[in-house]
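Naming: A, B, ... by sequence-line order, numbering from 1 per chain.
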Protein chains: 2
Amino acid sequence: MADKQPANNLAEQVMARLGADIRGGRLAPGTRLPTEQDLTTQFGVSRTVVREAVAALRADGLVVTRRGSGAYVADPAAGPFRIVPPRATSLPDIINVMELRLAVEVQAAALAAERASRKQLAAIRTAWRAIDAALQRGEGAVAEDFAFHRAIAEATGNDQFPRFLAYLGSHVIPRQSVRLEVDTPAERRLYLERIQVEHTRIVMAVTGGDPVEARRAMRDHLTRSLERYRKLAGGKKNGRG
Amino acid sequence: MADKQPANNLAEQVMARLGADIRGGRLAPGTRLPTEQDLTTQFGVSRTVVREAVAALRADGLVVTRRGSGAYVADPAAGPFRIVPPRATSLPDIINVMELRLAVEVQAAALAAERASRKQLAAIRTAWRAIDAALQRGEGAVAEDFAFHRAIAEATGNDQFPRFLAYLGSHVIPRQSVRLEVDTPAERRLYLERIQVEHTRIVMAVTGGDPVEARRAMRDHLTRSLERYRKLAGGKKNGRG
DNA sequence: ATGGTCAAGTTGTCGGACAATTGAGAACGG
DNA sequence: CCGTTCTCAATTGTCCGACAACTTGACCAT
């Protein structure tokens, strides 16, 4: 709740206050919020500012406007899900996001093993071979790794999995390059090859239609990756009781 | 991609086109997009419309504006994650969302078993007893059930879990009441009590610090709930290969 | 060459005006 | 007295012009 980052434009301030009122329940869903003119006097700003603020709220799905009638607050939960404020992405935050990713990917592997179509299995194998090719070219294969995980998510037949993973990945993958810098080339090579071994285990479980083994293989794979991050964090515990 | 729902206001149209250009990569991150004046002539609208559109994009985190300099496209993946367009929430969609919820909650139960503090364990037990009390009052205990699951998510010590679950729940829970209507009171009672038995198993595993059992208990619990939905869907497969 | 100054360009904010649409009360007819 | 239609004020959508705050690059003085 402490995202009080002073915006330099009034529209964001108005949007923040109105949005807080909606999310906080002080403006119940269905309620008609004050007219633009009322808001201008209430906030002491021009109508332009008010209109930009409600335009932003409308983009977030928090309000719907009806011309000639007014602006009404929508379901407060219609707002989008955001992982973190774009800035201030500390290492513990990344670990937390990766734990969420692990949860989703483990289940995705199991579902893929249960219901992947022949075409989807082929896509997984193709992505897996692409990693091999990239490694033999001496590359980091981050893009190929991401494509591999996405292929598994798509093989669940549930569109929510690839969509959510794509969203999570965009918040985690970019920093992955930072981590590789601390390794020596030899370590890096060894690490990447071991990763690919873990990938192989996942592919075999999924293609073999063994959800239990697929789940375990994916969990082991991501848990190891997570442990590396934790070491970088200096063994910091994130418990808060 | 087919969300071409004709907006009645120009600002949303402009926002949609600009947003599509950004997400589609036609406007690379860091690029400075045309000045407001250019956009007015390009789209044939007034500056007010352009400014509202840009304000909406800024609310989505797709662009950042610098006064005196211009508007620049941010990381295209900075956009928020949305489950579904608020409308058209069909039963298969709900099932897909619940599968995502299952994935997260199963891992949450395991993490809670590993790292829940004493206070967090007490909160879980309190929520569990609240369900009992509600059932004895003959109520559906939907709010108490949600609070129970949230208590477990909070016991992970990872703030992303309760936040994401709250987001998911807002998209699933409301329709849960629909389902209960199809049951007779006797069926309903029986169902709720069996649910509570499953809850008990989860509580014991988490308080006992047994992540494997907690995971299994939570998975069984949510899988059964999911199966009920699938029966309502008429045994429809959601594979798409 | 370096640093400061200034002017043009751009976004932020203000105010007014009119169009498009809505909602409710007024007027009317039965 | 009830129902229907009409009118009209209120509200959002759009346009326009103006000025302030700020940035950026060019220009100028040293």
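Among the atoms of the strands shown, base atoms are found under 4.0 Å from some heavy atom of A:Thr48.
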Atom pairs under 3.5 Å: protein N/O with N/O of nucleotides 4-9 of chain D:
none

Are there any protein N/O atoms within less than 3.5 Å of an N/O atom in nucleotides 21-25 of chain D, and if so, which ones and at what distance?
from, atom 1, to, atom 2, distance (Å)
D:dA21, O4', B:Arg67, NH2, 3.2
D:dT24, OP1, B:Arg66, NH2, 3.4

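Interface limits on DNA chain C: the 5'-most and 3'-most nucleotides within less than 4.0 Å of chain B heavy atoms are C:dG9 to C:dT13.
The structure places CD of B:Gln107 at 11.0 Å from CD of A:Gln107, a figure rounded to the nearest 0.5 Å. In this structure, B:Glu154 CD and B:Phe161 CZ are separated by 13.0 Å, a value rounded to the nearest 0.5 Å. Here the CG-CZ distance, from A:Leu18 to A:Arg23, works out to 11.0 Å after rounding to the nearest 0.5 Å.
Between A:Arg150 and A:Leu165, the closest side-chain pair of non-hydrogen atoms is not below 4.5 Å.
Contacts between residues 34-45 of chain A and DNA chain D, defined by a heavy-atom separation below 4.0 Å, involve A:Thr35, A:Glu36, listed by number.
With sequence neighbours excluded, no residue forms a salt bridge (charged side-chain N to carboxylate O under 4.0 Å, His left out) with B:Arg67. The salt bridge (charged side-chain N to carboxylate O under 4.0 Å, His left out) check on A:Asp38 picks up nothing, with sequence neighbours excluded.
For the side chain to side chain contact (heavy atoms under 4.5 Å, CB included) with A:His221, the qualifying choice from A:Val106, A:Leu102, A:Ile195 is A:Ile195, the only one to do so.
Phosphate proximity of D:dT14 to B:Ser46: absent, as no side-chain N or O sits under 4.0 Å from OP1 or OP2.
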